[in-house]
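Before any comments, here is the structure.
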Amino acid sequence: MVDSAIIFSSALILRAFMQERYTPQSVERDAQGYWDGSGSFRVTEDPARPKYYCLSMFPYPSGKLHMGHVRNYTIGDVLTRFYRMRGYNVLQPMGWDAFGLPAENAAMANKVPPAKWTYDNIAYMRSQLKSLGFAIDWTRELATCSPQYYKWNQWLFVRLFKKGLAYKKTGVVNWDPVDQTVLANEQVIDGRGWRTGAVVEKREIPMYFLRISAYAEELLSALDGMGGWPEQVKLMQKNWIGKSEGVRFGFPYELAGEKKLLNVFTTRADTIMGVTFCAVAAEHPLALHAAKGNPKLAAFIEECRQGAVIEAEMAQQEKKGMATGLTVTHPLSGEQVPVWVGNYVLMSYGDGAVMGVPAHDERDYEFAQKYGLAIRPVIRHPAGDTVPAPWKPEYAEYGTCINSGKYDGLDFKAAVSAVAADLKAKGLGDKHVQWRLRDWGISRQRYWGCPVPIIHCKDCGDVPVPEKDLPVVLPEDLVPDGTGNPLAKLPSFYECMCPSCGKPARRETDTMDTFVDSSWYFSRYACPDNSGAMVDDRARYWMPVDQYIGGIEHAILHLLYSRFFARVMRDESLLDISEPFTNLLTQGMVLAELYYHDSAEGRREWINPADVTVERDAKGRPVAAKRASDGAAVVAAGIGTMSKSKNNGVDPQALIEKYGADTARFFIIFASPPTQSLEWSDEGVEGSFRFLKRVWAYAANFGRAGAARPAPALLKATRFEIHTVLKQATYDLGKHQFNTVASAAMKILNALEKLQDSASDEAREGLSILLRLLSPITPHICHHLWRELGFGADVLAAPWPEPDPAALEQDEIEYVVQVGGKTRGNLRAPKSADRAALEALATASALVQKYVAGQAIRKIVIVPGRLINIVV
RNA sequence: GCCGGAAUGGCGGAAUUGGUAGACGCAGCGGACUCAAAAUCCGCCGACUAAUCAUCGUAAGGGUUCGAGUCCCUUUUCCGGCACCA
């Protein structure tokens with residue numbers, strides 16, 4: 001039956017007043033005014049309804065929205081509105097990740113304090129977000145640069161400091177020797193400072209760390225239970241945490257008469273008898289000691305210190321090493337083993353030293369070949385007992401021990417156990433679990449961030465700022481000049497009294513990594529107005545976030561830090577949960593075409609795709625491209641992420657002004673599924689606009705006098721079509737495949753248009769389904785038409801449409817007919833036909849007769865309701 | 001370099017668990033309306049072919065299966081992350 005509840009006879013009268021032309025600007029202004037006026041998106045805790053906390057990653061206020069933001073928030077809004085229509089109490093908040101480097105860069109460029117730049121940007125971007133019509137509860141807005149917010153960063157830091165979960169040690173940073181300042185990785189270009197061009201050096205400085213390693217085991221094991229996260233992200237986190245089980249042991253040596261151990265960790269203790277050298281990092285104490293009397297080695301270590309701390313760059317540089325001249329004693333054989341310095345050994349992993357087994361490790365093999373070190377095979381691997389050059393992957397495989405004395409004949413597991421036991425007996429080592437995950441260094445030698453609440457006292461050491469003195473407020477009127485942190489030059493900030501002894505002391509001038517701000521903001525949205533606590537009971541109601549949406553680029557750091565913070569807050573009795581995000585959707589990038597033009601002087605100029613005219617051949621294939629302004633030939637350089645440097649960005653604002661927010665939203669949803677990259681297309685936007693105009697025109701003409709009533713068979717077929725599409729669309733929404741939901745809306749309109757403006761019950765029902773299906777994607781036009789056609793006062797309050805099983809009933813089913821696995825045609829059969837009937841029907845058909853052509857039928861495969869395959 | 005993804009017509013994409021490859025849209029081509037244009041509407045639209053049939057066709061190569069875009073192995077290219085961009 002047709003859903004009569006939504007059929008409303010007054011619709012025809014209302015319709016007479018409706019404009020023929022779709023004018024998105026006025027429609028959207030009115031709808032947004034209605035939502036604002038009625039507080040449609042303000043929510044409070046409601047134990048009677050299931051809650052749904054839908055969160056998109058908050059933006060950095062960089063100046064204006066980019067298409068990636070629009071995409072992110074449109075996806076979140078579709079989910080928000082969809083769940084709302086299904087009866088959930090839905091929270092969708094918004095805020096600003098407002099501390100960070102770009103504000104300092106802008107400040108330097110424009111001589112304006114980062115605070116002013118940031119607040120101006122927030123004001124503009126807020127207005128942009130509002131013009132997109134997102135169902136956001138704006139009463140919960142927060143900015144991480146406000147003292148009311150970052151006070152709680154500081155408060156939590158102090159708690160962790162007292163617990164030992166925050167602590168001080170040295171860390172390595174990129175140092176610009178000209179500007180005398182620490183550089184972020186992105187400020188290092190080809191190993192040089194971005195402003196000075198000076199070769200960057202590594203420098204060790206004291207910093208504060210958060211002991212995320214204390215939660216490594218839990219962060220790893222909990223991944224298994226996180227069904228709502230993409231496998232891909234969980235796998236990346238698992239590899240990042242990097243649990244490896246092996247043996248940690250020491251090579252004894254003597255230094256100035258003192259007995260010491262060179263500690264290493266290995267997952268291949270079974271190869272220990274194949275050790276022919278040890279390699280240590282350039283920063284390793286042993287290397288530094290050896291360099292004292294060895295100028296060549298000192299020069300090599302200096303060379304290793306050149307360049308940035310960026311691991312990707314270090315991993316790609318040529319493997320180099322130099323002998324220290326020192327030796328250590330093999331703990332089991334007693335042989336002397338030479339110690340080398342290797343630029344590929346990372347001080348930050350394990351003990352900053354590795355044992356070298358060139359026969360069974362590719363990196364060690366290369367190193368030994370290059371420097372003429374001994375290669376001693378000790379494993380019988382699938383390619384034999386020897387390891388002739390070149391390196392083969394088989395050399396690294398597990399096998400039984402050979403040339404290993406008492407361990408000969410043992411397999412991997414037995415050998416590792418035996419070696420570990422022997423090392424333990426000698427007091428030199430044991431089995432050990434090693435993590436790749438390092439503690440989180442949160443100190444930044446920068447101004448525009450949350451001050452680290454520590455006071456340095458000559459007598460009392462590092463003293464946390466007392467709770468009553470929080471927040472340590474960041475002055476908002478400074479302008480950095482690129483030569484270090486302005487806070488460190490501001491006595492009024494750093495001069496203070498020691499809270500413990502009352503004597504003059506110096507305030508810490510480092511600020512916190514902005515990832516600290518973003519690791520708990522989602523909990524604060526529940527209670528942003530609470531000035532007395534970090535979070536309260538409202539956070540217990542709303543947390544965890546049911547659906548989190550953001551870029552895949554955050555798969556590891558932000559998401560891992562947030563998982564860590566949730567546990568820290570749990571252990572501080574602030575939250576009841578361990579996992580902050582139940583379901584995670586990682587959206588793809590937004591891409592656009594790239595065009596450039598090389599000038600006569602050889603300068604490459606990137607041309608915005610909007611300024612390019614493409615010539616096509618008769619089949620629509622592009623053959624040439626020209627700059628619209630002067631006809632100059634431009635080169636099509638494929639597609640890439642929208643960026644300033646490649647000048648291929650599309651401004652959301654221009655789009656909204658030209659077509660309206662609904663068109664922008666529709667195109668973004670329609671163009672590709674949320675998790676895949678989205679390729680921008682101006683023609684595609686035109687097509688989306690055309691579709692909304694058609695929806696409008698259909699509604700405006702709906703039930704127009706004089707339309708003939710279609711034949712009953714057409715009505716029935718149309719209703720079948722619409723309900724089939726609806727069923728599919730609801731399924732697609734469940735798996736977050738919104739692009740096909742948009743397609744479904746198009747299919748429904750196509751079907752309705754075939755009814756030629758008839759105001760039949762079937763058409764009215766179809767239209768009400770169309771508007772409800774579309775309302776999460778294009779809420780403004782649906783809001784307007786829903787009211788205008790008299791379906792109700794507010795489409796937000798309408799229930800999600802359900803497919804009617806009766807409409808999906810069919811008397812006949814169309815089967816695909818294959819012969820020998822090749823599709824040959826279709827066959828209609830009664831719904832009731834059983835297997836035998838289908839076989840008889842198929843074998844008797846002319847279609848099958850033609851292709852079987854006298855061959856023996858070996859068997860018949862039947863997929864119920866779908867397919868018949870005659871195997872010959 | 002290491003870790004994680006992706007690849008389907010001229011283009012974006014669809015194909016529920018292995019079951020009619022190309023839904024829906026864009027571009028293109030043809031037509032209607034118009035003095036004309038825009039807008040709108042109708043039709044065609046993977047390759048090969050005059051057209052039909054047939055054949056081929058989901059990055060490349062191999063395999064499993066009655067049947068593979070989908071599963072397995074190898075390779076190529078592109079994208080994300082690599083701890084101070086956010």
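Source: prediction; values computed, not measured. Chain letters run A, B, ... following the sequence lines, proteins first and then strands; every chain starts at 1. Side chains included, hydrogens not; waters and symmetry mates left out as well; all remaining heavy atoms used.
Taking only side-chain nitrogens and oxygens, N750(A) never comes nearer than 4.0 Å to OP1 or OP2 of C24(B). Residue K693(A) places at least one side-chain N or O under 4.0 Å from the OP1 or OP2 atom of U40(B). The side chain of T823(A) places an N or O atom within less than 4.0 Å of a non-bridging phosphate oxygen (OP1 or OP2) of A21(B). Taking side-chain N and O atoms only, R690(A) has a distance below 4.0 Å to OP1 or OP2 of C26(B). At the phosphate of G4(B), OP1 or OP2 sits under 4.0 Å from a side-chain N or O atom of N239(A). Taking side-chain N and O atoms only, R824(A) has no distance below 4.0 Å to OP1 or OP2 of G67(B).
The Y851(A) side chain lies nearest to C53(B) when the options are C53(B), C24(B), U20(B). Each of G80(B), C24(B), A86(B) was ranked by its minimum atom distance to the side chain of K747(A); first place goes to C24(B). The side chain of L437(A) lies closest to A83(B), out of C26(B), A15(B), A83(B).
Shown here are the side chain to side chain donor-acceptor pair (under 3.5 Å) partners of E839(A), two or more places apart in sequence or in another chain: R835(A). Taking the ring-ring contact (aromatic ring centres under 6.0 Å, His included) definition, one finds that Y150(A) meets it with F99(A), sequence neighbours left out.
Note on ring orientation: taking the six-membered ring where Trp is involved, the planes of H736(A) and F738(A) are tilted (angle from 30° to 60°). Ring geometry, Y521(A) versus F58(A): the interplanar angle falls under 30°, so the pair is classed parallel (tilted spans 30 to 60°).
Straight-line distance between the C1' atoms of A14(B) and G69(B): roughly 11 Å, to the nearest whole Å. Of the C1' atoms belonging to G9(B) and A59(B), the separation is 14 Å, rounded to the nearest Å. Nucleotides G81(B) and A27(B) are separated by 36 Å at their C1' atoms, to the nearest Å. For the C1' atom pair drawn from C11(B) and U16(B), the interatomic distance equals 26 Å after rounding to whole Å. The same atom, C1', is picked in G62(B) and in C24(B); the two are 35 Å apart, to the nearest Å. Between A15(B) and A68(B), the two C1' atoms lie 13 Å apart (nearest whole Å).
Across all strands shown, R436(A) has heavy atoms under 4.0 Å from base atoms, whether or not it also approaches the sugar-phosphate. Heavy atoms of E553(A) sit under 4.0 angstrom from at least one base atom.
For K822(A) and Y851(A), the positive end is not near the middle of the six-membered ring at less than 6.0 Å and at most 45° from its axis. Both cation-pi conditions hold for R436(A) and W240(A): the charged atom is under 6.0 angstrom from the six-membered ring centre and inside a 45 degree cone around its axis.
In terms of position on RNA chain B, the residue among Q737(A) and K319(A) whose nearest nucleotide sits closer to the 5' end is K319(A). Nearest-nucleotide positions on RNA chain B place E231(A) closer to the 5' end than the other of E231(A) and R438(A).
Remark: RNA chain B takes part in the stems B:1-7 with B:76-82, B:10-12 with B:24-26, B:28-32 with B:40-44, B:59-63 with B:71-75, each of 3 or more antiparallel Watson-Crick or G-U pairs, criterion distances under 3.5 Å.
Between the side chain of Q818(A) and the base of G19(B), a donor-acceptor pair under 3.5 Å is found.
When ring centroids are compared, W440(A) and F515(A) stay outside the 6.0 Å threshold.
Only one option out of Y22(A), Y698(A), F666(A) pairs with F691(A) in a ring pair (Phe, Tyr, Trp, His ring centres under 6.0 Å); it is F666(A).
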